[in-house]
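Heads up: the structure comes next, in structure tokens.
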Amino acid sequence: MKKVLIIHGPNLNLLGQREPDVYGNINLAEINKKLTVLAVSLGVEIKIVQTNHEGEIVDAIQKAISWGDCIIINPAAYTHTSVAIRDAIASVNIPTIEVHLSNIYKREEFRQKSFIAPVTVGQISGFGENSYYLALEAASKIINAQ
Ligand code: DQA
């Protein structure tokens, strides 16, 4: 079975209580549960990681060399700052999809720049929790086309 690594970056562990007007009321456990159900129907295996630490995101991306046919990542605030995460994605040569719950282009100017987007297949931004499910469907199509 093809494998998809899903990485949730900093502060996403607080979904549900964190700025619900921006990020919605659903919590991360509920999103992960729905991703798990969707993965079964798509016939892909998923592994889900959440960390608040930049280096741990880099480690997770590197580990995907031996476990992962596709990466879905919401780098959260590191989207706008992290050369290290960008370089990790560029280094592993695994198709990667960038996800954001909010539409980062509708928000503050500092959020409108993604360091990550140029090394991804594409970005899904602004569909709330559905951004993740759309990303998993896209990942399954990318993998099956390989
Ligand atoms: C986010 C958008 C980022 O700007 C922000 O720092 C986040 C969440 C999103 O999913 O909309 O933490 O990645």
Side-chain angles (χ1 to χ4, degrees), residues 2-42 44-65 67-143:
K2 298 284 188 168
K3 299 174 171 74
V4 181
L5 174 66
I6 302 173
I7 302 173
H8 304 291
N11 300 307
L12 294 171
N13 54 314
L14 296 182
L15 282 181
Q17 44 176 298
R18 171 193 184 205
E19 301 180 82
D21 45 319
V22 179
Y23 299 116
N25 294 308
I26 192 162
N27 67 40
L28 194 60
E30 288 164 339
I31 290 175
N32 288 342
K33 205 167 154 191
K34 290 194 192 181
L35 283 168
T36 304
V37 171
L38 180 59
V40 171
S41 76
L42 292 171
V44 296
E45 192 179 343
I46 60 172
K47 190 188 278 182
I48 302 174
V49 173
Q50 191 280 321
T51 173
N52 293 324
H53 304 281
E54 185 176 17
E56 287 181 7
I57 294 176
V58 171
D59 289 343
I61 292 165
Q62 290 187 8
K63 280 189 198 141
I65 294 171
W67 195 101
D69 300 293
C70 193
I71 297 172
I72 293 171
I73 182 167
N74 183 347
Y78 290 132
T79 305
H80 319 297
T81 63
S82 181
V83 177
I85 293 173
R86 176 196 174 118
D87 285 354
I89 293 168
S91 302
V92 296
N93 209 18
I94 298 169
T96 297
I97 302 170
E98 178 181 345
V99 163
H100 299 286
L101 296 141
S102 64
N103 179 348
I104 58 172
Y105 302 99
K106 261 195 192 167
R107 301 185 62 195
E108 301 96 324
E109 209 180 327
F110 69 86
R111 292 186 204 276
Q112 293 176 20
K113 164 88 186 159
S114 170
F115 280 67
I116 310 303
V119 294
T120 63
V121 177
Q123 184 193 66
I124 300 172
S125 173
F127 298 93
E129 61 176 296
N130 288 313
S131 293
Y132 283 106
Y133 315 140
L134 291 167
L136 190 53
E137 290 188 10
S140 143
K141 286 192 198 299
I142 290 166
I143 285 170

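Counting starts at 1 for both ligands and their atoms, following the listed order. Positions are given from 1 along the sequence.
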Side chain, backbone, both or neither: which part of His8 comes within less than 4.0 Å of ligand 1 when only heavy atoms are counted? neither
Output the list of atoms in ligand 1 that are nearer than 4.0 Å to some heavy atom of Ser102, sorted by atom number. 2 (C), 9 (C), 11 (O)
Starting from atom 12 (O) of ligand 1, what is the nearest protein heavy atom, named by residue and atom, and what distance separates them? Arg18 NH2, 2.8 Å
Minimum-distance protein heavy atom relative to atom 5 (C) of ligand 1: Arg111 NH1, 3.3 Å
Any donor-acceptor N or O pair under 3.5 Å, side chains Gln50, Asn52: yes
Looking only at heavy atoms, is any part of Asn74 under 4.0 Å from ligand 1, and if so is it the side chain, the backbone, or both, or is it neither? side chain
Ala77-ligand 1 polar pair, N/O distance under 3.5 Å: yes
Say whether Glu129 and ligand 1 are in contact under the criterion: heavy-atom distance to a ligand atom below 4.0 Å. no
Taking the side chain as everything from C-beta on, heavy atoms only, tell me whether Ile89 gets closer than 4.5 Å to Glu98. no
Result of checking His8, Glu137, Lys34 against Tyr132 for side-chain hydrogen bond (donor to acceptor under 3.5 Å, both in side chains): His8
Any side-chain heavy-atom pair from Thr96 and Val119 closer than 4.5 angstrom? no
May I ask you to check whether Ile104 has an N/O atom sitting below 3.5 Å from an N/O atom of ligand 1? no
With respect to Lys47, which candidate in Ile6, Val4, Ile7, Leu5 satisfies the side-chain contact (heavy atoms from CB on, under 4.5 Å) definition? Leu5
Heavy atom of Tyr78 under 4.0 Å from ligand 1? no
Return the residue, atom name and 0.1 Å-rounded distance of the protein heavy atom closest to atom 9 (C) of ligand 1. Leu101 N, 3.4 Å
Could you label the plane-to-plane angle of the His100 and His80 rings as parallel, tilted or perpendicular, counting under 30° as parallel and over 60° as perpendicular? parallel
Are the side chains of Ile73 and Ile85 in touch, meaning some heavy atoms are under 4.5 Å apart? yes
Run the side-chain contact (heavy atoms from CB on, under 4.5 Å) check on Ser41 and Leu38 step by step: do they pass? CA-CA 5 Å; Ser41 76; Leu38 180 59; 3.8 Å; yes
Distance filter under 4.0 Å to His80 heavy atoms, resulting ligand 1 atoms: 3 (C), 4 (O)
Heavy-atom distances under 4.0 Å are what count here, so tell me which part of His100 touches ligand 1: side chain, backbone, both or neither. both
